[in-house]
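Here the structure comes first, spelled out in structure tokens, and everything after it is commentary.
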Amino acid sequence: MKTLHNGIDRLEFLLVIEAVLQHRTITRAAQALDVSQSALSHTLARLRTRLGDPLFVRVGGEMRPTPLVTRLAEPIGRSLRIIRDEVLSPPSFDPATTTRVFNVCVGEVGAFIIVPRVLRLLRERAPHAHIVALDVSRREIVPALEEGRLDVAIGYYPELKTSLYQQQLFTRTFVGIVRDDHPRIGQRLTLRQLRSVALVRSPGTLAINRWLDNRLGGADREAVVMEMPYVMALAPILAESDWMGIVTEELVPAFRKLAPLRAVELPAGLPRIPVRQHWHRRYKDDAANRFIRQAIYDALNEA
DNA sequence: ACTGTCTCACCAACGGGCGT
DNA sequence: ACGCCCGTTGGTGAGACAGT
């Protein structure tokens with residue numbers, strides 16, 4: 001069988017050189033490596049053949065390194081230190097001291113609803129950690145999670161299945177929102193009213209929009225529909241008009257702070273949207289990733 | 001004589017190559 | 001994909017050899 005290289009191609013060889021350098025006898029080096037003297041002698045013999053150098057020669061009562069080993073001693077020690085410290089010892093994760101930046105994909109709505117709660121919880125559990133909220137396109141989510149550019153993606157992504165794990169955080173219910181003194185809309189809305197009211201649709205409501213299209217679309221639709229990509233921009237529009245917005249229920253308090261607006265109950269049958277956090281299987285057991293997932297879950301599910 | 005190293009014979013495990 | 005063959009590796013114990 002061919003070997004990969006003619007020189008040092010095994011970690012054991014580095015360990016042998018290090019041990020003999022340190023202990024200066026094959027017997028003691030063998031004890032330190034927990035092998036027999038004979039086994040270590042064999043390994044040394046193989047290494048001698050490969051490197052074409054005696055490596056260690058007996059001088060007096062000890063094995064002295066040749067110039068080649070003397071020259072290799074420092075890089076070998078450095079390499080083994082790196083392997084021990086950074087490869088063999090799994091990086092520890094301590095929430096109390098971590099300064100890690102967690103990249104979390106949330107849409108605009110999530111930024112309003114989820115991020116403040118997570119931040120509040122992180123102040124207690126990981127006071128030096130940072131959260132970066134990113135709005136990553138649906139197409140980019142899987143590669144970003146896989147490459148570690150994202151720690152978790154939160155939202156309604158029914159198409160994300162392969163190679164991702166997911167956990168449901170909560171279900172989102174939707175309400176209508178209109179100005180306080182809207183002349184024609186009361187506390188709840190019938191399907192017939194929904195057909196005739198001028199609608200401003202916000203992002204993050206893909207499934208709702210589909211439902212609306214099915215129920216209200218085509219020839220049945222009597223009023224106009226406007227698409228508004230920025231949720232919070234709905235507030236001034238609705239406050240100054242008779243239009244109605246459809247937003248997730250959790251946003252109502254934020255809208256009411258911005259303008260004199262009120263919630264309206266929508267007709268029965270409107271779907272409830274499960275909001276889940278998604279992460280890549282590569283990071284399933286990663287301590288930091290597990291921490292932020294748990295923090296997000298707790299932040300959204302604690303009473 | 002004692003201690004440490006090397007060599008020999010042998011064994012088990014592993015992995016690549018190959019045929020099925 | 002699986003089993004077989006075979007070379008390599010890494011181990012053991014025993015004994016030879018060398019230095020103190």
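The basis for the numbers below is simple: all heavy atoms, side chains too, and nothing from hydrogens, waters or symmetry mates. Lettering of chains follows the sequences in order, A, B, ..., and the numbering in each one begins at 1.
For Ser41(A) and dT7(B), the shortest distance from a side-chain N or O to OP1 or OP2 is not below 4.0 Å. Contact annotation: Thr27(A) side-chain N/O to dT5(B) OP1/OP2 distance is under 4.0 Å. OP1 or OP2 of dC6(B) sits under 4.0 Å from a side-chain N or O of Arg48(A).
Rounded to an integer number of Å, the gap from CE of Met63(A) to C1' of dT20(C) is 15 Å. Separating the CG atom of Leu47(A) from the C1' atom of dC6(B) is a distance of 15 Å, rounded to the nearest angstrom. Taking atom CZ on Arg64(A) and atom P on dT5(B), their separation rounds to 14 Å, with Å as the unit. One can place CD1 of Ile26(A) at 14 Å from C1' of dA18(C), the figure rounded to the nearest angstrom. Leu44(A) has its CG atom 10 Å from the P atom of dT7(B), to the nearest Å. With rounding to whole Å, Leu40(A) atom CG is found 15 Å from dT9(C) atom C1'. Summarising the geometry, the separation between CD on Gln37(A) and P on dT12(C) is reported as 10 Å, rounded to the nearest angstrom. When rounded to the nearest whole Å, the span between CZ of Arg24(A) and P of dT5(B) equals 12 Å.
Side chains of Arg125(A) and Asp298(A) form a contact here, defined as non-hydrogen atoms less than 4.5 Å apart. Residues Phe291(A) and Arg100(A) fail the side-chain proximity criterion, which asks for heavy atoms closer than 4.5 Å. Contact of the Tyr297(A) side chain with the Leu169(A) side chain is registered, since non-hydrogen atoms from C-beta on lie closer than 4.5 Å. Within the 4.5 Å cutoff, the side chain of Tyr165(A) has no heavy atoms near those of the Arg293(A) side chain.
If you check distances only, the side chain of His42(A) never reaches the base of dT5(B) with a donor-acceptor pair under 3.5 Å.
Using a 4.0 Å heavy-atom cutoff across all strands shown, Thr25(A) reaches sugar-phosphate atoms only and no base atom.
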